[in-house]
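Okay, structure first, notes after.
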2 protein chains.
Amino acid sequence: MSYKIKSRIWIESEKNVLLGEGRVHLLKAIEETGSLSKAAKSLKISYKKAWHLIDSVNKSAKKPVTINSTGGKGGGGTELTDYGKSLIKAFDDINKNCWAFLDKQLEKIEEI
Amino acid sequence: MSYKIKSRIWIESEKNVLLGEGRVHLLKAIEETGSLSKAAKSLKISYKKAWHLIDSVNKSAKKPVTINSTGGKGGGGTELTDYGKSLIKAFDDINKNCWAFLDKQLEKIEEI
DNA sequence: AATCGTTATATTTGAAAAGATATAACGTTA
DNA sequence: TAACGTTATATCTTTTCAAATATAACGATT
């Protein structure tokens with residue numbers, strides 16, 4: 001049984017974390033549900049934690065990643081901007097490539 | 001000002017973390033000082049924390065990574081095994097390559 | 001105006017991680 | 001055998017982080 005290589009990547013802007021695995025996961029859930037509270041429930045994290053994450057994302061990004069509305073039909077909701085979608089796409093792409101890259105590096109520890 | 005990509009890699013064995021950045025840093029300090037207590041001081045972490053880290057490393061690895069001796073000349077000490085040195089070398093190598101790889105991926109978020 | 005489900009935010013509570021302190025065990029050296 | 005500096009380990013305190021709870025604000029709908 002050999003060792004495994006694990007990795008985490010994230011995108012930063014000015015020392016603040018912009019996007020990591022968890023934030024991308026949350027953003028995808030928002031895209032599916034149209035709501036931050038529903039997204040939080042689906043990921044089984046507290047609404048507070050989810051809200052802070054999205055707040056941090058929007059404060060770190062150059063342009064808004066989500067549009068949040070309160071009141072009105074259905075009480076409000078949260079949806080992704082096109083900018084947000086392109087960020088997710090870039091993150092997923094880089095992350096996937098990183099895994100593939102590390103897979104090729106595995107042979108370096110197989111013999112150890 | 002563009003975003004940055006950061007990464008962390010680590011080596012696991014059977015769900016236990018074997019080597020990460022902090023552990024490698026500690027092992028290198030042990031190699032230089034010949035002592036766990038001196039290494040802990042140089043990294044400004046508690047001896048307790050350092051000891052637990054090395055204990056975990058040796059319990060997760062297939063073969064001993066350090067040799068710990070108590071008593072005797074100088075009170076004892078800790079030194080790396082050849083196996084430990086090869087693990088560090090592999091980790092550093094993979095980590096360096098990962099950075100270089102991610103550097104090349106940067107262009108994918110430069111335009112965002 | 002009353003209702004609704006959502007976003008937004010503060011406060012409290014609990015758990016887990018880290019830090020500090022103390023002490024035993026060890027084996028060479030003098 | 002007494003001393004030394006190290007490894008090894010337990011216990012207590014402190015700090016930090018996550019979770020839970022509560023409540024206000026919002027705006028279309030009725």
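Below, each value reflects all heavy atoms present in this structure, side chains not excepted, and no hydrogens, waters or symmetry copies. Note on naming: letters A, B, ... go to the chains in the order of the sequence lines (proteins, then strands), and numbering restarts at 1 for each one.
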Would you indicate, yes or no, if C/dA8 has its OP1 or OP2 atom less than 4.0 angstrom from a side-chain nitrogen or oxygen of A/Asn68?
yes
Which nucleotide sits closest to the side chain of B/Leu36: D/dT7, C/dA8, C/dT29?
D/dT7
What is the separation between atom CD1 on B/Ile67 and atom P on C/dC26, rounded to the nearest whole Å?
19 Å
Is the phosphate of C/dT7, meaning OP1 or OP2, less than 4.0 Å from a side-chain N or O of A/Thr78?
yes
Compare the minimum distances between each of C/dT29, C/dA8, C/dG19 and the side chain of A/Thr70, then state the nucleotide with the smallest one.
C/dA8
Just call it for A/Ser37: base, sugar-phosphate, or nothing, with non-hydrogen atoms closer than 4.0 Å on any strand.
sugar-phosphate
Rounded to whole angstrom units, what separation is found between the NZ atom of A/Lys73 and the C1' atom of D/dT29?
11 Å
Length of the line joining A/Tyr47:OH and D/dT23:P, which is rounded to integer Å:
17 Å
Are B/Asp92 and B/Lys96 close enough for a salt bridge, meaning some N to O gap below 4.0 Å?
no
Euclidean distance, atom CG of residue B/Leu43 to atom P of C/dG19 [Å, nearest integer]
13 Å
Please report the distance, rounded to the nearest Å, between CG in A/Asn58 and P in C/dT7.
13 Å
Is there side-chain contact between A/Ile5 and B/Trp10, with heavy atoms separated by less than 4.5 Å?
no
Separation of A/Lys44 atom NZ from D/dA19 atom P, in whole Å?
14 Å
Looking at side-chain heavy atoms only, is the closest gap between B/Val24 and B/Lys28 below 4.5 Å?
yes
Please tell me which of B/Lys38 and B/Lys48 maps to the more 5' nucleotide of DNA chain D, matching each residue to the nucleotide holding its nearest heavy atom.
B/Lys38
Distance check: side-chain N/O of A/Ser35 vs OP1/OP2 of C/dT7, anything under 4.0 Å?
yes
OG of A/Ser7 to CZ of A/Phe101, rounded to nearest 0.5 Å, is 10.5 Å
By nearest heavy atom, map A/Gly75 and A/Ile45 onto DNA chain D; which one lands nearer the 5' end?
A/Ile45
Phosphate OP1/OP2 of C/dA8: any A/Trp51 side-chain N/O under 4.0 Å:
yes
Take atom NZ of A/Lys49 and atom P of C/dT7, then tell me their distance rounded to the nearest Å.
18 Å
Could you state the CG-C1' distance from B/Asp55 to D/dA10, rounded to the nearest angstrom?
14 Å
Do A/Leu43 and A/Val65 sit in the same hydrophobic cluster, where Ile, Leu, Val, Met, Phe, Trp and Tyr count as joined when their side-chain heavy atoms come under 4.5 Å apart?
yes
